[in-house]
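Just below is one structure, and these are the notes that go with it.
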Amino acid sequence: MSERNASHLSKYKLSLSPLDIYNHEFDKQLRGYNEDQVNEYLDIIIKDYERFVVILKELEGKIETLEALVQERHVESRIEPEDPLSQMQRRLSDLELQVFGERRDGKKW
């Protein structure tokens with residue numbers, strides 16, 4: 001079992017990996033289960049389990065992306081909006097530039 005799969009097992013409190021299921025050996029008894037049926041059923045379980053691991057990894061990636069986006073938006077929302085007086089001063093400066101080509105203090109923009 002890879003270290004990456006081991007981390008998923010512990011993170012989600014899973015007992016078995018797909019490889020654990022595949023490698024498990026059952027004791028044989030005189031009136032035991034049909035070995036072929038057991039193996040076919042375990043193959044289905046292994047495939048489902050492998051798919052679940054893939055789904056978990058995909059969802060973890062999406063969660064990380066969304067958490068980063070939320071954090072980014074949270075930071076953006078903390079930017080103080082421009083107060084009306086500053087906004088008016090900026091607009092006047094822009095207008096002066098368009099009309100006169102320079103600022104009130106005579107410097108070029």
Side-chain angles (χ1 to χ4, degrees):
M1 173 176 26
S2 73
E3 186 175 314
R4 195 171 189 162
N5 284 339
S7 69
H8 277 81
L9 288 176
S10 62
K11 182 175 182 178
Y12 295 108
K13 297 182 176 133
L14 301 174
S15 301
L16 302 171
S17 72
L19 191 59
D20 294 332
I21 296 168
Y22 179 79
N23 289 330
H24 186 78
E25 295 288 330
F26 294 93
D27 295 333
K28 294 182 182 177
Q29 296 182 356
L30 183 60
R31 295 182 178 242
Y33 292 104
N34 180 315
E35 188 175 344
D36 291 335
Q37 286 179 340
V38 170
N39 287 333
E40 288 174 15
Y41 191 73
L42 287 175
D43 287 342
I44 293 169
I45 293 171
I46 290 167
K47 287 177 186 172
D48 283 351
Y49 213 91
E50 288 172 339
R51 181 68 186 133
F52 292 147
V53 170
V54 170
I55 290 169
L56 282 173
K57 289 177 184 178
E58 289 173 358
L59 292 174
E60 285 174 341
K62 288 179 181 179
I63 288 170
E64 287 176 15
T65 301
L66 291 172
E67 285 176 341
L69 183 61
V70 166
Q71 183 65 23
E72 180 181 312
R73 297 268 168 93
H74 181 70
V75 168
E76 288 175 0
S77 69
R78 286 192 279 169
I79 297 173
E80 295 292 323
E82 192 175 20
D83 66 88
L85 180 60
S86 296
Q87 190 177 28
M88 185 61 75
Q89 288 173 333
R90 184 181 49 77
R91 291 174 133 180
L92 278 172
S93 294
D94 290 345
L95 183 60
E96 286 176 340
L97 175 63
Q98 289 177 3
V99 174
F100 302 110
E102 56 185 46
R103 299 186 316 196
R104 236 187 248 151
D105 58 11
K107 296 179 180 174
K108 296 276 185 196
W109 287 87

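- Nearest heavy-atom pair across Val38 and Tyr33 is CG2-CB, 3.7 Å.
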Could you tabulate the donor-acceptor pairs under 3.5 Å formed by side-chain atoms of residues 84-91, not counting sequence neighbours?
residue : atom : partner : partner atom : Å
Ser86   : OG   : Asp83   : OD1          : 3.4
Ser86   : OG   : Asp83   : OD2          : 2.8
Arg90   : NE   : Glu82   : OE1          : 3.3
Arg90   : NE   : Glu82   : OE2          : 3.4
Arg90   : NH2  : Glu82   : OE1          : 3.4

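- Side-chain atoms of Tyr49 never come within 3.5 Å of backbone atoms of Ile21 as a donor-acceptor pair (strictly under, hydrogens ignored).
- Distance check, rounded to the nearest 0.5 Å: CD of Glu60 to CD of Glu64 gives 7.0 Å.
- Looking only at side-chain heavy atoms (C-beta outward), Val54 and Glu50 stay at 4.5 Å or farther from each other.
- Between atom CG of residue Asp48 and atom CD1 of residue Ile55 there is a gap of 9.0 Å, rounded to the nearest 0.5 Å.
- Val53 places a side-chain heavy atom less than 4.5 Å from the side chain of Lys57.
- Remark: the backbone N or O of Asp36 is not paired with any side-chain donor or acceptor of Asn39 at under 3.5 angstrom.
- Minimum heavy-atom separation, Phe26 to Leu42: CE1-CD1, 3.5 Å.
- Atom CZ of residue Phe52 and atom CG of residue Leu59 lie 12.0 Å apart, to the nearest 0.5 angstrom.
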